[in-house]
Number of protein chains: 2
Amino acid sequence: MKQAEGGLRERKKLQTRAALTEAALRLALEKGPDNVTVDEIAEAADVSVRTFFNYFPHKEHAILGRNPAHLERALELIRTAPDEQSPLTTMWMIVHDVLQELLSEGSLTRRGELIMTSPSLLFHLMLSSMDDERQLSEALTERIGDPLRAKLIVTSAGTACRVAVELHKTTPDSAPGDLVDAAFQLLAQGIDPDYQKGQV
Amino acid sequence: MKQAEGGLRERKKLQTRAALTEAALRLALEKGPDNVTVDEIAEAADVSVRTFFNYFPHKEHAILGRNPAHLERALELIRTAPDEQSPLTTMWMIVHDVLQELLSEGSLTRRGELIMTSPSLLFHLMLSSMDDERQLSEALTERIGDPLRAKLIVTSAGTACRVAVELHKTTPDSAPGDLVDAAFQLLAQGIDPDYQKGQV
DNA sequence: TAATAGTTTGCAGTAGGTGCAAGAATCTGC
DNA sequence: GCAGATTCTTGCACCTACTGCAAACTATTA
């Protein structure tokens, strides 16, 4: 029978994975994300290159070090949200849930800024976000019925974060959290009340 | 002195570029976008692999065959929009401008569906869209002042298109154009009037 | 037609990424 | 604590994407 959680094997895998993400992030910060090779990361984590690719499909995944638990929690938040809570409010809570953790472990600033400097990283982040998005949309559709609106709410929440981070780079005086809040507010109430379709 | 436009050299470059995108798209459709190699594309277009990379930085760019003229026209539309036209309305016109051309040349369905099947293609598209987005946001900020709102409007328009295409795949009975319109409408008026920030 | 400027190409090299099979480590039932 | 099954690691051979360089070629210009 398979040993559940506490096995040595399990722990070693977690260790290896942690060592790889740690090394990847550190080296990426030191040398710039595009100047790190998989060879270096593997060597720093003391495993073979081949093993690296057993853990991550792409170099970028190691640097991003995505936490699968975040998606789980987000889905849970959507499923257990009280009826009276509006959908975008739920999304706001999800965003802040993740944001809080990233801030508390101090990896947001390091990793976040890194991501914004590298198109390739950003790209892979978005790529892996696509699947999350799909799952979140499905969960939200389950709740509110309208699939178009559900998808728009989920993707808009994502866009709000991205826009906030980008804008924060050009105007560092405004806090990212405030920008996220402002973006959510705009999206909720409408980004253009004067819109008129079909003035062709 | 440099010959302006009609030179043989100029025409040959256009020809080569066209041959490459044509071959890339055709092969991608035949064999699936991830099973095409640059070798094949180059051979089909009767040029060397090295020449391929003189024209496109990535394989995906050839398949996407992005038309630089689209961005130019979009920027022009933003700059010359009448004062009374609301910003999202302008974005709607841009979207339909491109849509119309893609439909008329018949490449939307072929290329569009292809793109949606390949994460790699999708993300090269988004990646190159990021730069477009930046330029469009700047132009729109110029016009309406508020950079956050401008960025949100531009990115939301992009998201609307993406969501519409995705949704069209699962519910093919609704036309993509209608879905785009519905998405724009929702975004304009607000995706969640009951949103309340900070119910933590 | 000769000089010039721009294009194509082959070649050599770096790096990401995968399949396979052998060997090492862990886990299981006894 | 041991034998056998399971799982992980690793080296190796291989494919593909992509870049820099210098030589060969071709259109343009005077």
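In this text the structure is predicted, and so the values were computed from the model without any measurement.
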I need the [atom1]-[atom2] distance between [X] and [N], as an integer number of Å.
| X | N | atom1 | atom2 | value |
| --- | --- | --- | --- | --- |
| Arg11(B) | dA27(D) | CZ | C1' | 11 Å |
| Glu60(A) | dG16(C) | CD | C1' | 9 Å |
| Lys59(B) | dC18(D) | NZ | P | 8 Å |
| Asp34(A) | dG16(C) | CG | P | 10 Å |
| Gln15(B) | dT7(C) | CD | P | 15 Å |
| Asn35(B) | dA17(D) | CG | P | 11 Å |
| Asp39(A) | dG16(C) | CG | P | 7 Å |
| Ile41(A) | dG16(C) | CD1 | P | 8 Å |

Mind checking [X] for me? I need base, sugar-phosphate or nothing, with any heavy atom below 4.0 Å counting as a touch.
| X | result |
| --- | --- |
| Val49(A) | nothing |
| Tyr55(B) | sugar-phosphate |
| Phe52(B) | nothing |

Kindly say if [X] contacts the phosphate of [N], meaning a side-chain N or O under 4.0 Å from OP1 or OP2.
| X | N | value |
| --- | --- | --- |
| His58(B) | dC18(D) | yes |
| Lys12(B) | dT7(C) | no |
| Thr51(A) | dT10(D) | yes |

Min side-chain heavy-atom separation Arg143(B)-Thr90(B) under 4.5 Å: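 They are in contact (side-chain heavy atoms under 4.5 Å apart), so the answer is yes.
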When you compare the side chain of Thr89(A) with that of Phe184(A), does any pair of heavy atoms fall below 4.5 Å?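 Sidechains of Thr89(A) and Phe184(A): no contact.
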Out of dG17(C), dT8(C), dT9(D), whichever nucleotide has its closest atom nearest the side chain of Phe53(A):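 Looking only at heavy atoms from C-beta outward on Phe53(A), the closest nucleotide is dG17(C).
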What heavy-atom pair brings Ser174(B) and His168(B) nearest, and what distance separates the two atoms?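 What the structure gives for the nearest pair is O-ND1, 2.8 Å.
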Report the residue (Val36(B) or Ser48(A)) whose heavy-atom-nearest nucleotide on DNA chain D is the more 5′ of the two.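 The 5'-side residue here is Ser48(A).
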Does any N or O donor sit under 3.5 Å from an N or O acceptor when you compare the side chain of Arg50(A) with the base of dG17(C)?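 Checked by distance alone, the answer is no.
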Salt-bridge test for Glu76(B) and Arg79(B): reply yes if a basic N is under 4.0 Å from a carboxylate O, no otherwise.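 Answer for the salt bridge query: yes.
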Neighbour count above 12 (heavy atom, 6.0 Å) for Asp173(A) CG: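 Correct, the count exceeds 12.
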